[in-house]
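What follows is a set of notes on a single structure, which appears directly below.
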Amino acid sequence: MAGGEDAGKARQPGDAPGEASLGRRLLALTLTFGKFGGITFGGGYAIIALLEDDLVRRKGWLTQDELLNIITVGESTPGPIAVNTATFVGYRLAGVLGGVVATLALVFPAWLVIVLVSSCYLAFRDNTWVAAALAGIRVAAIVLIARAFLRMGRGVPRNAANLAAGTLAFVAVALLDLNALWIVVGGLLFGVAWYGVRPRLREGAE
Amino acid sequence: MIYWTLFWTFAKVGLFTIGGGYAMIPLIQQELVDRHGWVSLEQFTDFVGIAESTPGPFAINIATFAGIHAAQTEGADPILGSVCSTGGVVLPSVAIILLIAGAFHYAMRHWAVRAALEGAKPVVVGLIGAAAFTLLSHTLMPGGGAGFQWLAAALAAALFLLTQWVRLGAVALILLGAALGLGLRCFGIAL
């Protein structure tokens, strides 16, 4: 969806697929999210790290601000974060059809793998080679997520309030094991309270 | 009708869990084990383990797994059963996100929406850091009699330093991790 430039912030131009034909955009979404669905595992954060690396850094389809907004919406709405993020990104790049295509592309490899291993999942689980590869991937995924954390942290304006909010969120989830939903809702309220009194955001020029 | 029941059960799971795939575990367990009796508690524990260690989003994996086994238990087609359960878990998300995404540009005109999203930014970054921390601590200190995993710690540090010096894409990094795990296994070393 390339429209609505007058409202809020427009996407960066560059090689964003907004100018490409719908078919090309859908193909690109299929390949990108199909790849992500096939290689990530665990929670949604590995997907977020992949999106940051691929769509923000390499392809320039999204800005980091847009990705953070999409994650915020994904965290505070029902459903798996990976699916929410895929639908939203797909919609931003190619409308409703894009949202559906990106989601199907994400889901299909995961579905296929489970269909294939389900009949022999005990053998799959007890296979030491599979376990060795997965242990290696797990270490790589940690590095990937840590890198995304550092990169995205650099993109957030540096001030005492942001530092305090980020640290508080980290402690609440990592050490106190609170549900991420409440933390995100807390962040949204914090934003209204903190920036609400500042004329800059009120005027509209972000 | 088992297909409809599967679809509806997982649509509820998709609709009522907020905050990531792992938040779904208690609800899925309640539905599958206690309510419908499709799987035993032992099988369910196995599902969670497999869903964690297969590629793809956790919620999709566990929904697919549960759909296959529930359909088998009821003597129905497992593939169609998994399509219904996975479709069910995804559909509420897609519908809700499409509605929000469609209204997003208009909502962003309001200062309070922009302010709220601006405030959520550092919080979301903190959450990503927490995800890395939790995954790291579970990997290095798995518990259950196993001590500190020095090898995994060294490997994580080495990979991290490598990404600081060499421009390494996400897919390359994941594949490198898998290759290292397999390579160590060749020498009989378990990560």
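Chain letters run A, B, ... following the sequence lines, proteins first and then strands; every chain starts at 1. None of these values were measured; they are calculated from a predicted model.
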Practice problem: Evaluate ring-ring contact (aromatic ring centres under 6.0 Å, His included) for B/F104 paired with A/Y91, printing each intermediate quantity in order. | Solution: CA-CA 11 Å; B/F104 198 69; A/Y91 180 87; 9.8 Å; no
Practice problem: Measure distances from A/V113 to the heavy atoms of chain B and classify the residue's part below 4.5 Å as side chain, backbone, both or neither. | Solution: side chain
Quiz prompt | Partner chain A: residue of B/T134, B/L180, B/L159, B/L184 with the largest heavy-atom pair count (under 4.5 Å) | solution = B/L159
Quiz prompt | Option that, when pairs with chain B are counted at under 4.5 Å, heavy atom only, ranks first among A/A133, A/G166, A/A146 | solution = A/A133
Quiz item: With chain B, which of A/D54, A/V73, A/V96, A/T128 has the greatest number of heavy-atom pairs at distances under 4.5 Å?
Solution: A/T128
Quiz item: Would you say the side chain of B/V90 lies within less than 4.5 Å of the side chain of A/W111, judging by non-hydrogen atoms?
Solution: no
Quiz item: Which heavy-atom pair separates A/A110 from B/G56 by the least distance, and what is that distance?
Solution: CB-CA, 3.8 Å
Self-check item: Value rounded to 0.5 Å, distance of CD1 in B/I128 from CD in A/E75
Solution: 8.5 Å
Quiz item: Quick one: of B/P92, B/G126, B/P122, who has the most non-hydrogen atom pairs under 4.5 Å with chain A?
Solution: B/P122
Exercise. Just give me the residue among B/I62, B/I96, B/V89 that pairs up with chain A most often, heavy atom to heavy atom, under 4.5 Å.
Key: B/I96
Quiz item: Can you tell me how far the CD1 atom of B/I97 sits from the OG1 atom of A/T85, to the nearest 0.5 Å?
Solution: 7.5 Å
Practice problem: May I ask you to test the A/L106-B/P57 pair for a side-chain heavy-atom distance under 4.5 Å? | Solution: yes
Exercise. Against chain A, work out which of B/V94, B/I79, B/L175 has the most heavy-atom pairs shorter than 4.5 Å and name it.
Key: B/V94
Self-check item: Selection from A/V171, A/V173, A/D53 maximising heavy-atom pairs under 4.5 Å formed with chain B
Solution: A/D53
Quiz item: With respect to chain B, which residue among A/A148, A/A140, A/P157, A/A161 yields the maximal number of heavy-atom pairs within a distance under 4.5 Å?
Solution: A/A140
Practice problem: For A/W182, look at atom CH2 and say whether over 12 heavy atoms of other residues, nucleotides or ligands are found less than 6.0 Å away. | Solution: no
Practice problem: Below 4.5 Å from any heavy atom of chain B, which atoms of A/L144 appear? Answer side chain, backbone, both or neither. | Solution: both
Practice problem: Indicate the atoms forming the closest heavy-atom contact of B/G119 with A/F190, along with that distance. | Solution: O-CD2, 3.5 Å
Practice problem: Side chain from CB out, backbone as N, CA, C, O: work out which of these in B/I68 comes under 4.5 Å of a heavy atom of chain A, or both, or neither. | Solution: side chain
Quiz item: B/H110 versus chain A, heavy atoms under 4.5 Å apart: side chain, backbone, both or neither?
Solution: neither
Exercise. Against chain A, work out which of B/A132, B/P78, B/G67, B/A63 has the most heavy-atom pairs shorter than 4.5 Å and name it.
Key: B/A132
Quiz item: Rounded to the nearest 0.5 Å, how far does CZ of A/R147 lie from OG1 of B/T163?
Solution: 5.5 Å
Quiz item: Non-hydrogen atoms of chain A under 4.5 Å away: do they reach the side chain of B/V83, the backbone, both or neither?
Solution: both
Self-check item: Atom pair OG1 (A/T103) and CG (B/L91), whose distance is rounded to the nearest 0.5 Å
Solution: 10.0 Å
Quiz item: Where on B/I60 is there a heavy atom nearer than 4.5 Å to chain A: the side chain, the backbone, both, or neither?
Solution: side chain
Self-check item: Atom of A/T72, atom of B/A120 and distance for their closest heavy-atom approach
Solution: CG2-CB, 3.5 Å
Quiz item: Atom CD1 in A/I70, atom CD1 in B/I100: separation rounded to 0.5 Å?
Solution: 12.0 Å
Quiz prompt | Choice from A/V130, A/I142, A/L163, A/V83 maximising heavy atom contacts with chain B below 4.5 Å | solution = A/I142
Quiz item: How many angstroms lie between CZ in B/F58 and CD1 in A/I81, if you round to the nearest 0.5 Å?
Solution: 12.5 Å
Quiz item: Given that the side chain runs from C-beta out, which part of A/V156 has a heavy atom under 4.5 Å from chain B: side chain, backbone, both or neither?
Solution: side chain
Quiz item: So what's closer than 4.5 Å to chain B heavy atoms on A/L168: side chain, backbone, both or neither?
Solution: neither
Self-check item: Test log, rule side chain to side chain contact (heavy atoms under 4.5 Å, CB included), inputs B/K121 and A/N162
Solution: CA-CA 8 Å; B/K121 268 174 199 161; A/N162 279 351; over 6 Å; no
Quiz item: At their closest point, which heavy atom of B/L98 faces which heavy atom of A/V100, and how far apart are they?
Solution: CD1-CG2, 4.4 Å
Exercise. Return the minimal non-hydrogen interatomic distance between A/L50 and B/V171, and the atom names on each side.
Key: CD2-N, 4.4 Å
Quiz prompt | Part of B/S82 lying under 4.5 Å from any heavy atom of chain A | solution = both
Quiz item: Taking C-beta and beyond as the side chain, do A/N69 and B/M108 meet within less than 4.5 Å on heavy atoms?
Solution: yes
Exercise. With a 4.5 Å cut-off on heavy-atom pairs, point out which of B/C186, B/G87, B/A153 contacts chain A the most.
Key: B/C186
Quiz prompt | Best-contacting candidate, A/G99, A/S118, A/A172, A/A193, against chain B by heavy atom pairs under 4.5 angstrom | solution = A/S118
Quiz item: For the residue pair A/A174 and B/F133, what are the closest heavy atoms and their distance?
Solution: CB-CD2, 3.5 Å
